[in-house]
Amino acid sequence: MDVVRCEGWWEQAGYGRQPMHGLRLRFDDRLIVGEGFDIIGPFTLEGFIRQGVVNLQKHYKDAHSVDYPGTFDGEGTLQGHWSIHGFGGRWLIKVVALEPGHPGG
């Protein structure tokens, strides 16, 4: 399973654009898993990608989960609109590099 370093952000009224830090994703066939942290706290990501459609769920440690549906452009960019309890906003994750020390890296 390849581990990739990513950059990403999410937007929400009142918070503006918030970066996701330490973002790492692992792709295994159609499955995606990862972790990082942001202004809310540490989180994990789990989901899938199929024919350009992405469905992720972001789980904050000891807190809530957020749905992250969107699209994949086939060149390293995932994006869409996140949602939770009537709130939502845009999000974007871009693959930056394969992690050193991992197969293929």
Side-chain angles (χ1 to χ4, degrees):
M1 192 180 308
D2 290 337
V3 176
V4 293
R5 184 169 44 89
C6 301
E7 295 176 348
W9 51 261
W10 53 270
E11 292 180 335
Q12 180 179 349
Y15 283 87
R17 184 172 286 183
Q18 294 297 318
M20 293 184 247
H21 303 283
L23 188 55
R24 303 288 186 273
L25 296 179
R26 289 175 294 287
F27 295 86
D28 185 13
D29 192 23
R30 291 184 241 166
L31 299 177
I32 304 171
V33 296
E35 63 276 330
F37 66 96
D38 59 25
I39 191 172
I40 306 300
F43 61 80
T44 59
L45 287 165
E46 297 177 355
F48 68 87
I49 182 170
R50 186 177 306 130
Q51 298 177 340
V53 175
V54 175
N55 243 321
L56 297 172
Q57 192 164 66
K58 185 183 206 180
H59 304 279
Y60 285 100
K61 184 177 168 99
D62 301 323
H64 60 281
S65 295
V66 183
D67 293 323
Y68 272 65
T71 59
F72 176 62
D73 69 359
E75 296 183 13
T77 302
L78 301 88
Q79 62 184 330
H81 276 78
W82 62 268
S83 65
I84 180 175
H85 307 301
F87 294 98
R90 295 183 327 144
W91 65 271
L92 181 136
I93 295 174
K94 184 162 186 61
V95 172
V96 175
L98 193 62
E99 284 286 289
H102 291 278

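Just so you know, these numbers come straight off a predicted model, no measurement behind them. The figures here come from the full heavy-atom set of this structure, side chains too, leaving out hydrogens, waters and symmetry mates.
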(request) Decide whether Tyr68 and Ile84 are clustered together by the hydrophobic rule: side chain heavy atoms of Ile, Leu, Val, Met, Phe, Trp, Tyr closer than 4.5 Å, transitively. (result) yes
(message) Through direct or indirect side-chain contacts below 4.5 angstrom among Ile, Leu, Val, Met, Phe, Trp and Tyr, which residues connect to Leu92?
(response) Trp9
(request) Work out which heavy atom in Val95 is nearest to a heavy atom in Cys6; give both atom names and the distance. (result) CA-SG, 4.0 Å
(message) Going by side chain to side chain contact (heavy atoms under 4.5 Å, CB included), name the residues that satisfy it together with Asp73, two or more places apart in sequence or in a different chain.
(response) Glu75, Thr77
(request) Decide yes or no for Leu45 and Ile93: does some side-chain heavy atom of the first lie under 4.5 Å from some side-chain heavy atom of the second? (result) yes
(message) Nearest 0.5 Å, please: how far is CG in Asp67 from NE2 in His81?
(response) 14.0 Å
(request) Only pairs at least two apart or in different chains count here, so list each salt bridge (charged side-chain N to carboxylate O under 4.0 Å, His left out) that has a residue in residues 83-94. (result) Glu11-Arg90
(message) According to side chain to side chain donor-acceptor pair (under 3.5 Å), who are the partners of Asn55, at least two apart in sequence or on a separate chain?
(response) none
(request) Sequence neighbours left out, what passes side chain to side chain contact (heavy atoms under 4.5 Å, CB included) with Val96? Give chain and number order. (result) Arg5, Glu7
(message) In this structure, would Ile49 and Val53 fall into the same cluster of hydrophobic residues linked by side-chain contacts under 4.5 Å?
(response) no
(message) Among residues at least two apart in sequence or on other chains, which ones pass ring-ring contact (aromatic ring centres under 6.0 Å, His included) with His59?
(response) none
(request) Can you sort out the partners of Trp91 under side chain to side chain donor-acceptor pair (under 3.5 Å), two or more places apart, ordered by chain and number? (result) none
Donor-acceptor contacts, no H, no angles, side chain residues 32-41, under 3.5 Å, sequence neighbours left out:
{"residue": "Glu35", "atom": "OE1", "partner": "Arg26", "partner atom": "NH1", "Å": "3.3"}
{"residue": "Glu35", "atom": "OE1", "partner": "Arg26", "partner atom": "NH2", "Å": "3.1"}
{"residue": "Glu35", "atom": "OE2", "partner": "Arg26", "partner atom": "NH1", "Å": "3.3"}
{"residue": "Asp38", "atom": "OD1", "partner": "Ile40", "partner atom": "N", "Å": "2.9"}
{"residue": "Asp38", "atom": "OD1", "partner": "Gly41", "partner atom": "N", "Å": "3.3"}
{"residue": "Asp38", "atom": "OD1", "partner": "Tyr60", "partner atom": "OH", "Å": "3.3"}
{"residue": "Asp38", "atom": "OD2", "partner": "Trp10", "partner atom": "NE1", "Å": "3.0"}
{"residue": "Asp38", "atom": "OD2", "partner": "Lys58", "partner atom": "NZ", "Å": "2.8"}
{"residue": "Asp38", "atom": "OD2", "partner": "Tyr60", "partner atom": "OH", "Å": "2.7"}

(request) Can you sort out the partners of Glu46 under salt bridge (charged side-chain N to carboxylate O under 4.0 Å, His left out), two or more places apart, ordered by chain and number? (result) none
(message) Hydrophobic clusters here meaning ILVMFWY residues chained together by side-chain heavy-atom distances under 4.5 Å, can you tell me if Phe43 and Tyr15 are in one?
(response) yes
(message) Going by side chain to side chain contact (heavy atoms under 4.5 Å, CB included), name the residues that satisfy it together with Arg50, two or more places apart in sequence or in a different chain.
(response) Arg30, Phe48
